[in-house]
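As structure tokens, the structure follows; a few thoughts come after it.
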Amino acid sequence: MINRRTLISLVTAATVLGSTGIAFAADKPYIAFICKGFQHQFWQAVKSGTEQAAKKFNVDVTFEGPDGEGAVDRQLDMLSAALAKHPAAIAIAAIDSQATVPLLQRAKDAGIKVIAFDSGVASDIPLTTASTDNLASAALAADKMAEKIGGEGKIAIVSFDQTSQTGIERRDGFVNQIKAKYPKIKIVDIQYGGGDHLQSAEITKTMLLAHPDLKGIFGTNEGAAIGVAIGKKEAHSNIVVIGYDSGAEQIADVKDGTIAGAITQNPVGIGFESVKAAVDAVNGKSLPKHIDTGFYWYDKTNIDDPKIAADLYN
Amino acid sequence: MSELTTIMSELVTMTSIDKSFPGVHALKTARFDLRAGEVHALMGENGAGKSTLMKILAGVYRLDRGEVRVSGKPVNIQTPRQAQELGITIIHQELSLMRHLTAAQNIFIGREPRKMRGLLVDEKMLNARTSEIFASMHLKLDPRAPVDSLTIAKQQMVEIAKALSLKSRVLIMDEPTAALNELEINELFAIIARLKASGVGVVYISHKMDEIKRIADRVTVMRDGEYVNTVPADTTPIDAIISMMVGRILGNEQVSIPDLSAAPMALEVKGLRRGKAIRGVSFGVRKGEILGLAGLMGAGRTEVARAIFGADPLDAGEILVDGKPVRIGAPKDAVQAGIGYLSEDRKHFGLITAMDVRNNVAMASLERFAGRAGVLNEDGMRDAARRFIHQLAIKTPSDQQETRLLSGGNQQKVVIAKWLLRECPILIFDEPTRGIDVGAKAEIYKLLNALASQGRAIIVISSELPEVLRLSHRIAVMCEGRLTGVLPGGASQEDFMRLATQRPSAVSEAA
Amino acid sequence: MNLVAEVDRQRILDRVKSSGAYHRLLAFSGLLVLMIGFSLASPNFLQTANVINILQATSVNGVLAVAATIVIISGGIDLSVGTLMTFCSVMAGVFLTYWGLPIFVGVPLAIVVGTCCGTVTGLLIAKLKIPPFIATLGMMLIYRGMSLAICAAKPIYFNSTPGFTDISTGTIVGAVIPEIPVPNGVLILFLVSMLVAFVLGRTILGRFIFAMGSNEEALRLSGVNSDQWKIAVYSLAGAVCGVAGILIASRINSAQPSIGQGYELDAIAAVVIGGTSLSGGRGTMLGTMIGALIISVVANGLRILSVPQEWQIVVTGTIIIVAVYTDILRHRATV
């Protein structure tokens, strides 16, 4: 009895899944995207960019990432499953660039074109890297911070991650710019909230308690920036918050002034450019070593500017 | 009474009931019937199938074959809830109340009177309705008392009250007096009499012959899962019922008491104290002696046994084994000193019921079977288990049968085997025959005597007075945590009662 | 004659039902059905390379599930397996990269660290009587924080230890039979599960683990020093987590201080799918291995079929529920 029932349910499940797979099998070139995370709005925007490009260039694209950011080995599992599907190209945003190298080597050996996006891979296997210049964009954030607080005082950073290259570059780009250009500004604290809204909010509130004269905080990604904004609201503080990335909540916070302004990358563009680069590679065209996908500063004043609005995602 | 009215008042008829469990054919064409307003005793040795048959009626188990009729109509009882709807309630040996809720909350669980459009429980109404039921039972009990503050007897009353609140017409009681003292038993019987007068049919499962004589109208005897006979309770002699149960006639021999004055002391305890439960207890037991530790319920017998064994910590006192003081802080120390303890609650404290006979027998001596790197010698364990299965005549299909599938008497033997294998010279038996049928009881008695004659020191705790008086070479009597005297073997019940009710004087209480 | 045969057949059937074999059979046939289904749906699924992918993806979770099985059979629960793994990998980084110890010293030392951490957990539970759920929840956070603190929140790379990545990704099997280059990590999972299966089935510790999970008080009243054995249970589980730490570090050639959280739930899921009772006293290593494989097969197969990621998660959850429900049905059938 039990046996039969289980079998039936499993077979049904397998058939349903099977039909999805069969529907997918077509002659278009297939490009597998493996990103770092999955749930964040940023990755969803990258995904939408890949979908637009897929339509335009007539290719198939899948988009995957580990549930929790930082799960290096899960990303490796996804990468090896993608290899088993014999794609024409693989695009990867590596969590740990070293760990992925052996698998990327395997891909290269199998004649699969490898593209890096969002952050680089410490190897010459990727034909190109489509990403934002994190150092330069964080330096722009530092300039804006200095401008808003009047060129002097104490500030702090709530970062999302201390291990990834993106996390390190955004932090260092900001810190270096402040040190080099604004001697009267002191960075008194740098904390890491894992990109988690709540945790970042708690960190912010603690910072505000520890440094009552704090004038500004830089949140280095979507989760961190929203968390800092939540912390600011809950603590009824009026410090200057500089954010990074966009998303519905952050946009609303910028509009009502909780966040003074933020740097936006061009996630849709990252997705689009990566697909385009992959298609070019498959067609045998040569690629530049780096594709800068650009970044912009946005605040209350220019948020509805069509040129900016196109790069903001909800 | 005419034929017709007899049929009319048949509350329950069960015919040709068959039920199998893995490895056991528990019921073979069993039958039973119950009339309104009667107390019908269901008797038989453990493993005879009484509890299984009643659990089928109560919807706990489902029958394989057979027919159940309630008030003449065939029914198909699948769940306890369906049984309840038919007016059938079972009061299990292990009570099934929620300890932290009050008596009233327990009685009306799932059926609470509501107020505020059903959003809130109407506690006032709940307690009032409970009070009414208690009053109808002539029971003085606060509906708001948390169940875990009540004695076992009172908890049982709460279960009965719950059955009444469900308007039950059939009440099944499985060994209800096992944990009650004389006074509480009288109270219970008074309530059963009132239930009977109001037309409720009561199924009464018990091993105690004197109780059956006092309250039962009819007796049905089962043996090996089969129906044996149904007889009137008042005119059938006890011996006849017993021989129906065991299928043969039992001797009732009195054991002779050996002269042990020269035998060395195996275990001595001096000035044991533990809170209010043990207030200064000293006694000794010699090699080859069976010492009864007797007293009314709550006198502190089990507490003393558990303290000697290290299961509960002592406040003060000294324990000597073979004349040498030993420090016992945990059961492992007691076992090290050669003391084995057979708990009154075999299923919870004696056996690992999910494991087989072999492992249970070996459990206290497992280190001995562990070779290098802790690898167990399964052959050695098997041989040991089989030796005891043979020696103690344990009825089991094999040494790899799970112990939960054995009858109470055989489970007890497995626990005894465990301590014999550990070669414990001192054995403490706490209620060794609780839940064990008459035939197996005699076997356990014989076993205890044999163990004593091999030079082991044995302490027996039992709430069945005739058992203690018959079995023990000496009897230490306790009352309210104190030792009130030591009786010679074969003493009378009057001697015992005198010591067992000897309350401490007002002077010593003040001191 | 015929009757005897019938009785024997019935008895064998009963034994099969009452041992865990029946459930394992179910889980195993479930695994087979999944594999058949996936390979019918995609030609890429049953290729050697992909089967090796699946096995490799199982190795870390499988070893963690072994640790979780030990504890769960003993009637406890261990939420700290994932972050203890991380902590051990970080300690391996300290020993090998920071201190420059040779590989054959640093690796065993990291496993010793895992064992000692398990001992601490065991002491908290057995001696201080802190419920396992709470004790291991606390330890989970302690390991995570310590991991981040020790390596200053940066990954430690093993570039200075040649051969370290071979522990997990090298292939001894492939050197002998080039057609099936099974990574060493899979071999290690196999060896660890065999070893622990032996401990559970044949040694005194194993017997006490089952007894403890069935009825701890009865074990204590048998004069067994159950506290001491309980500490041994968590120490053994800790050692196994240490092995997992080495495996994951060697696979990604670095000790990543921020991973490990959430891994305990996957491990527990594998244990449960494998038919081990969360209330203790019942379970097998083979079942756990099948459970861990089912999780990897589903994850891999759905990826091969390009099923959107959201739905992959839904399917995994459904499988856990179905697996546990069949276990319940089995129990209802044998009562």
Side-chain angles (χ1 to χ4, degrees), chain A residues 1-3 5-7 9-25 30 32 38-39 60-86 95-96 98-102 106 110 161-164 168 192 194, chain C residues 22 25-26 29-30 33-34 36-38 40-42 44-45 47 49-50 52-54 56-57 60 148 152-155 157 159 165 169 248 251-254 256-259 261-263 296 299-313 315 318-319 322-323 326 329-330 333:
Chain A
M1 265 312 278
I2 302 161
N3 220 334
R5 213 180 308 172
T6 323
L7 285 178
S9 52
L10 289 174
V11 168
T12 320
T15 335
V16 170
L17 301 172
S19 56
T20 344
I22 291 156
F24 187 78
Y30 164 51
F38 173 65
Q39 290 132 330
D60 275 325
V61 167
T62 58
F63 197 89
E64 278 189 304
D67 293 337
E69 291 207 23
V72 183
D73 62 322
R74 303 283 154 100
Q75 196 184 39
L76 294 188
D77 290 337
M78 291 179 166
L79 191 53
S80 34
L83 285 179
K85 290 191 271 185
H86 308 299
I95 297 171
D96 185 283
Q98 274 205 16
T100 47
V101 170
R106 243 174 71 190
D161 181 27
Q162 61 265 68
T163 55
S164 79
I168 293 166
Y192 304 89
Chain C
Y22 190 59
L25 205 67
L26 263 182
S29 48
V33 167
L34 282 170
I36 293 167
F38 282 130
L40 288 178
S42 166
N44 292 331
F45 179 78
Q47 288 171 356
N50 194 48
I52 287 172
N53 285 346
I54 293 170
Q56 188 161 30
V60 168
L148 286 164
K154 282 195 294 285
Y157 291 95
N159 294 335
T165 50
T169 54
I248 194 167
R251 182 169 180 211
I252 60 185
N253 192 30
S254 60
Q256 299 278 350
S258 52
I259 63 172
Q261 225 162 15
Y263 285 45
S296 314
N300 178 283
L302 296 179
R303 274 172 204 153
I304 291 286
L305 298 186
S306 303
V307 171
Q309 196 166 356
E310 298 86 332
W311 294 102
Q312 296 180 13
I313 304 170
V315 171
T318 310
I319 284 180
V322 168
T326 55
L329 284 183
R330 178 178 75 87

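Each chain gets a letter, A, B and so on, in the order the sequences are listed, and its residues count up from 1. Keep in mind the model is a prediction, meaning the values are calculated, not measured.
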Does a donor on one side chain sit under 3.5 Å from an acceptor on the other, for C:Asn50 and C:Asn300? yes
Tell me, side chain or backbone of C:Tyr157 under 4.5 Å from chain A's heavy atoms, or both, or neither? side chain
So, C:Asn253 versus C:Asn159: side-chain donor-acceptor pair below 3.5 Å or not? yes
Hey, what do you get for CG (C:Asn53) to CG (A:Leu76), rounding to the nearest 0.5 Å? 10.5 Å
Which atoms of C:Gln312 are under 4.5 Å from chain A, going by heavy atoms: the side chain, the backbone, both sets, or neither? side chain
Is chain A contacted by the side chain of C:Ser42, its backbone, both, or neither, given a heavy-atom distance below 4.5 Å? neither
So, the part of C:Ile313 with a heavy atom under 4.5 Å from chain A: the answer is side chain
Nearest 0.5 angstrom please: A:His86 NE2 to C:Asn44 CG, how far? 4.5 Å
At a 4.5 Å cut-off on heavy atoms, which part of C:Ile304 comes close to chain A: side chain, backbone, both, or neither? both
Using modelled atom types and a 3.5 Å cut-off, is there a donor and acceptor pairing between side-chain atoms of A:Glu64 and backbone atoms of C:Arg303? no
A:Phe63 versus chain C, the contacting section by heavy-atom distance below 4.5 Å: backbone
